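Just so it is clear, the structure is predicted and the values come from calculations on it, not from any experiment.
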Amino acid sequence: MIINCIIVDDEIHARKVLEKYIQDLPHINLVKSCKNALEAMESLRNNQIDVMFLDINMPKLSGLNFLESLTNAPLVVITTAYREYAVDAYELDVIDYLHKPIPFPRFIKAISKVEEKIQAKNQQFTVHTETPNQTKPNFIFIKADKKTIKLNFNDIKYIEGLGDYIKIHTLTKTIVSKLTIKKMEELLPPKQFPRVHKSFIISLELIESIEGNQIEINDFKIPIGLMYRQNFMNLINTFLKK
């Protein structure tokens with residue numbers, strides 16, 4: 001399995017260290033070593049990237065702001081000299097958080113996490129494509145409160161991300177599960193359950209109104225994140241009469 005990656009770091013020494021580590025691993029292919037987020041954006045647009053090694057403190061656009069701006073980000077490993085951003089980074093579902101100077105064994109551990117994630121995605125894809133004519137179920141099973149709970153799509157109002165946990169607000173109750181919002185997003189049909197904010201997924205069917213940058217569902221106001229607004233409004237516009 002060849003893993004395509006990019007490095008995004010404004011410090012040339014930091015890039016050189018990662019370039020050397022990647023060179024020592026034959027199954028990791030460095031597509032581009034970028035000195036800023038704009039170069040990285042171009043690489044992501046023109047190449048299939050599996051993982052991005054991303055610095056946080058960069059001029060013009062920080063690594064975390066850049067990551068928030070991406071609607072279809074690859075897997076991300078943060079590389080930084082600052083420990084205080086760890087919580088913010090993990091809320092954006094990064095795979096790992098490497099503190100500079102990065103030892104080679106610690107880098108290898110991050111690569112192992114990336115490989116596990118990619119393999120899990122590939123296995124999930126294989127399962128779905130083995131039965132293309134099978135009707136997709138309108139429910140999923142999740143773990144919550146030491147039980148396996150069947151969750152019908154029609155019952156979901158919205159989902160709220162809380163770091164490594166999510167709150168699933170249904171028509172009758174609220175369920176807390178140890179899942180990230182990104183993982184939950186992968187489990188749900190995107191046109192039925194669009195992500196509208198880094199912390200919210202909503203049921204398109206149960207929207208009562210949209211006003212400005214807010215969605216109303218059962219008297220609860222849900223913000224529309226700037227980086228999610230365009231995709232969400234494109235989806236809404238498909239239902240509007242010309």
| Taking atom SG of Cys5 and atom CG of Asp50, what is their separation to the nearest 0.5 Å? | 8.5 Å
| said: A side-chain contact here means heavy atoms from C-beta on lying under 4.5 Å apart; do Ile168 and Met184 qualify? | reply: yes
| message | Distance check, rounded to the nearest 0.5 Å: Leu64 atom CG versus Ile56 atom CD1? | response | 4.5 Å
| query | Which heavy atom of Ser33 sits nearest a heavy atom of Glu39, and at what distance? | reply | O-OE1, 4.1 Å
| field | Gln214 atom CD, over 12 foreign heavy atoms within 6.0 Å | value | yes
| said: Before you tell me yes or no, could you show the steps for Asn4 and Asn29 under side chain to side chain donor-acceptor pair (under 3.5 Å), namely the whole-Å CA-CA distance, both residues' side-chain angles and the distance that decides it to 0.1 Å? | reply: CA-CA 5 Å; Asn4 291 324; Asn29 175 44; 2.8 Å; yes
| Just by modelled atom types, is the Ile181 backbone N or O under 3.5 Å from a matching donor or acceptor in the Tyr165 side chain? | no
| said: Heavy-atom count check: over 12 atoms from other residues, nucleotides or ligands less than 6.0 Å from His27 NE2? | reply: yes
| If you group Ile, Leu, Val, Met, Phe, Trp and Tyr by side-chain heavy-atom gaps below 4.5 Å, do Ile12 and Ile7 land in one group? | no
| message | Just verifying a value: how many Å separate Leu44 CG and Lys32 NZ, rounded to the nearest 0.5 Å? | response | 12.0 Å
| request: Check the pair Phe193 / Ile156 against side chain to side chain contact (heavy atoms under 4.5 Å, CB included), numbers first and verdict last. | output: CA-CA 9 Å; Phe193 293 96; Ile156 300 172; 3.7 Å; yes
| field | Validation row: Arg195, Phe200 side chains within 4.5 angstrom (heavy atoms) | value | no
| query | Can you check whether Ile49 reaches Val31 side chain to side chain, under 4.5 Å on heavy atoms? | reply | yes
| message | For Phe220 and His169, take the angle between the two ring planes, folded into 0 to 90°, and tell me which bin it lands in: parallel under 30, tilted 30 to 60, perpendicular over 60. | response | parallel
| task | Could you walk me through whether Leu98 and Val77 pass side chain to side chain contact (heavy atoms under 4.5 Å, CB included), step by step? | result | CA-CA 7 Å; Leu98 303 183; Val77 175; 3.7 Å; yes
| task | Specify the closest pair of heavy atoms between Met58 and Ala37, including all atoms of both residues, with the distance to one decimal. | result | CE-N, 4.4 Å
| Would you say the side chain of Ile201 lies within less than 4.5 Å of the side chain of Leu188, judging by non-hydrogen atoms? | yes
| query | Between Asp93 and Lys183, does at least one N-O distance fall below 4.0 Å, as a salt bridge requires? | reply | no
| message | Less than 6.0 angstrom separating the ring centers of Tyr97 and Tyr82, yes or no? | response | no
| field | Derivation and outcome, side chain to side chain donor-acceptor pair (under 3.5 Å), residues Asn218 and Glu208 | value | CA-CA 7 Å; Asn218 285 150; Glu208 293 177 4; 3.2 Å; yes
Donor-acceptor contacts under 3.5 Å from residues 137-155 side chains, at least two apart:
residue	atom	partner	partner atom	Å
Lys143	NZ	Thr148	OG1	3.2

| remark: Rounding to 0.5 Å, atoms CD (Glu11) and CG (Asn57) come to a distance of 8.5 Å
| salt_bridge(Lys109, Asp96) N-O dist < 4.0 Å | no
| request: Look at Lys182 together with Glu185 and state whether they make a salt bridge at an N to O cut-off of under 4.0 Å. | output: no
| said: Within the structure provided, determine whether Val196 and Ile215 are in side-chain contact (heavy-atom separation under 4.5 Å). | reply: yes
| message | For Asp9 and Lys100: C-alpha separation, side-chain torsions, deciding distance, then whether side chain to side chain contact (heavy atoms under 4.5 Å, CB included) applies. | response | CA-CA 12 Å; Asp9 199 315; Lys100 298 176 182 177; 2.6 Å; yes
| Do Leu235 and Ile202 share a hydrophobic cluster, counting only Ile, Leu, Val, Met, Phe, Trp and Tyr and linking them when any side-chain heavy atoms are less than 4.5 Å apart? | yes
| message | Using a 3.5 Å distance criterion without hydrogens, assess whether the side chain of Ser112 forms a donor-acceptor pair with backbone atoms of Ile108. | response | yes
| Set of residues satisfying side chain to side chain donor-acceptor pair (under 3.5 Å) with respect to Asn65, sequence neighbours excluded | Ser62
| With the 4.5 Å side-chain cut-off for hydrophobic clustering, are Tyr158 and Val176 part of the same group? | no
| message | Does this structure show an ion pair linking Glu42 with Arg45, if we count only N-O contacts that are shorter than 4.0 Å? | response | yes
| request: Report the C-alpha distance between Lys16 and Glu19 in whole Å, list the side-chain angles of each, state the deciding distance to 0.1 Å, and finish with yes or no for salt bridge (charged side-chain N to carboxylate O under 4.0 Å, His left out). | output: CA-CA 5 Å; Lys16 292 299 182 184; Glu19 287 169 14; 3.7 Å; yes
| said: Whether the side chain of His99 engages the backbone of Ala81 through a donor-acceptor N/O pair (distance < 3.5 Å, no angle test) should be reported. | reply: yes
| Between the side chain of Arg15 and the main-chain N/O of Leu18, is any donor-acceptor distance below 3.5 Å? | no
| said: Is the shortest side-chain heavy-atom distance between Lys191 and Leu204 below 4.5 Å? | reply: no
| Can you check whether Val76 reaches Val51 side chain to side chain, under 4.5 Å on heavy atoms? | no
Solution key, residues 224-232 side-chain donor-acceptor pairs under 3.5 Å, sequence neighbours excluded:
residue	atom	partner	partner atom	Å
Arg229	NH1	Gly212	O	3.1
Arg229	NH1	Asn213	OD1	3.0
Gln230	NE2	Asn234	OD1	2.9

| task | Flag yes if Leu171 and Ile207 sit in one hydrophobic cluster, no otherwise; membership is Ile, Leu, Val, Met, Phe, Trp, Tyr, and two members link when side-chain heavy atoms are under 4.5 Å apart. | result | yes
| Going from CD1 on Ile28 to CD1 on Ile22, what distance comes out if it is rounded to the nearest 0.5 angstrom? | 7.5 Å
| task | Give the intermediate values and the outcome of side chain to side chain contact (heavy atoms under 4.5 Å, CB included) for residues Val94 and Leu75. | result | CA-CA 7 Å; Val94 303; Leu75 302 178; over 6 Å; no
| message | Measuring only between side-chain heavy atoms, which start at C-beta, is Asn36 closer than 4.5 Å to Lys60? | response | no
| said: Let me confirm one number: the CZ-CD1 distance from Phe53 to Ile95, rounded to the nearest 0.5 Å. | reply: 10.5 Å
| query | If you look at every heavy atom in Thr180 and Ile166, which pair is closest and at what distance? | reply | C-CG2, 3.8 Å
